[in-house]
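Below is one structure, written out as structure tokens; comments come after it.
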There are 2 protein chains.
Amino acid sequence: MELAEAKSKFIEAWGKLGSEWGINRTMAQVHALLLTSPVAMTTEEIMEALSISRGNANMTLRDLIGWGLIEKQHKAGERKEYFFAEKDTWTIARQVAQERKKRELDPILKVLNELSAVKGDEKDPEYKTFKTSITSINKLAGNVNKTLETMLKAEENWFWGSIFKIFK
Amino acid sequence: MELAEAKSKFIEAWGKLGSEWGINRTMAQVHALLLTSPVAMTTEEIMEALSISRGNANMTLRDLIGWGLIEKQHKAGERKEYFFAEKDTWTIARQVAQERKKRELDPILKVLNELSAVKGDEKDPEYKTFKTSITSINKLAGNVNKTLETMLKAEENWFWGSIFKIFK
DNA sequence: TTAAACTTTCAAAACTTATTGAAAGTTTTT
DNA sequence: AAAAACTTTCAATAAGTTTTGAAAGTTTAA
């Protein structure tokens, strides 16, 4: 397999994975393109490489910046904006985890906490089942949340630090 | 807040979370309904409770069985099938992790391994960047995979066993 | 064996999400 | 101050996904 083919396979696979995880396909593809590009690219070049429209390219690039996965670069004497991707895999994983925590885990935790507070008749099976399920999901979600917070904050933490080394 | 309202809030929130994570909304809602139900329910009752069609209910229930999140129950002297959800949160999390690993991680690992094998000119920056990115993503994905396998297989493992206790 | 009870399928329709591209906006250069 | 170079917006449209419901299939009981 030659490089160009390999690169487009990667872009395709990354796009598919993204869409399965609720990340827009184009966003994942642009990310893959920049991840495998040795140089920063312009909007024009990205549009060209992936056959996408200007509008789509622009919105996607802004979203990726919002996720902290790519950055703008200004070249001296040039008007155009160049984009390049953060290439450290661990940092990428952390950014994605952080963003999804903020967007999804935090809101559901809020709901679960509210629902945990609902009072009812301990003898009512409906109530008991509800209470038990909510409490146990809430506990797991809370633990995931705490763990993520620790991971995202301090890689230096002696305990997690040693676990991270396994992954890197 | 009274129980009925709380229950429907939970169903809604669980459905939303599901759709953000690439799990069909109805599927997550049916799951939430059964999770909070003290008794097994028939297709008819589920259709009624969530205002969904027979076809949709049927497909969703089959999918949930496929994910190992719910089971059929036959009541003596009855023709109807009853469905109930596995209620242990940790088991739910494990089932979901297992299913997604199979559907998503395994295929991407296959692609990454293929792409890792691509040969090229070490002096070509295009090649070098590609190689470096793929290798590093491959390594992370491989580690995640190994960890998941261990977690899914043996909760008794001394190391992970002690980590799990933090979550439960 | 036939009717009734129940489950499954699938093409069409509804709904949701992503993409386009032209127009408007902004910044820089002349 | 006007033109050129570039970026952003957004309504219309396309693409993708989910849902419906009627028809076909299956199982059990009489």
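Proteins come first, then strands; the chains are lettered A, B, ... in the order of their sequence lines, and each starts at number 1. Model, not experiment: these values are computed from the prediction.
- Taking CG of Asn145(B) as the start and OG1 of Thr150(B) as the end, the distance is 9.0 Å to the nearest 0.5 Å.
- Applying the 3.5 Å distance criterion, the base of dT8(C) shares no donor-acceptor pair with the side chain of Arg62(B).
- dT27(C) atom P lies 19 Å from atom CD of Glu78(A), rounded to whole Å.
- Computed from coordinates, the Glu45(A) CD to dC6(D) C1' distance equals 14 Å when rounded to whole Å.
- Atoms CE (Met41(A)) and P (dT7(D)) sit 14 Å apart, rounded to a whole Å.
- Only one option out of Lys101(A), Lys102(A), Gln95(A), Arg100(A) pairs with Gln98(A) in a side chain to side chain contact (heavy atoms under 4.5 Å, CB included); it is Gln95(A).
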Pairs under 3.5 angstrom only: tabulate donor-acceptor contacts from the side chains of residues 66-78 of chain A to other protein residues two or more places apart or in another chain.
{"unit_1": "Lys72(A)", "atom_1": "NZ", "unit_2": "Glu81(A)", "atom_2": "OE2", "d": "3.1"}
{"unit_1": "Glu78(A)", "atom_1": "OE1", "unit_2": "Tyr82(A)", "atom_2": "OH", "d": "3.4"}
{"unit_1": "Glu78(A)", "atom_1": "OE2", "unit_2": "Tyr82(A)", "atom_2": "OH", "d": "3.1"}

Footprint string (nucleotides 15-24 of chain C, 5' to 3'): B base within contact, S backbone only, - free, heavy atoms under 4.0 Å: ---SSBB---

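- Remark: P of dT20(D) and CE of Met47(B) are 9 Å apart, rounded to the nearest angstrom.
- Distance, Ile46(B) CD1 to dT20(D) P: 14 Å, rounded to whole Å.
- For Phe10(B), the ring-ring contact (aromatic ring centres under 6.0 Å, His included) partners two or more places apart in sequence, or in a different chain, are Trp14(B).
- Evaluated for a side chain to side chain contact (heavy atoms under 4.5 Å, CB included) with Leu115(B), the options Thr135(B), Asn138(B), Ile137(B), Ile134(B) yield exactly one hit, Ile134(B).
- Taking atom NE2 of His74(B) as the reference point, atom C1' of dA5(C) lies 14 Å away to the nearest angstrom.
- Using a 4.0 Å heavy-atom criterion, one finds that Glu81(A) contacts the sugar-phosphate atoms exclusively.
- In terms of position along DNA chain D, the nucleotide closest to Tyr82(A) lies nearer the 5' end than the nucleotide closest to the other residue of the pair Arg79(B) and Tyr82(A).
- To the nearest 0.5 angstrom, Lys7(B) atom NZ is 6.5 Å from Leu3(B) atom CG.
- Between the CD atom in Glu12(A) and the CD atom in Gln29(A) there is a gap of 7.5 Å [rounded to 0.5 Å].
- We find that CD of Glu44(B) is positioned 14 Å from C1' of dA4(C), with the value rounded to whole Å.
- Look at Asn58(A) and you won't find any side-chain N or O under 4.0 angstrom from OP1 or OP2 of dT7(D).
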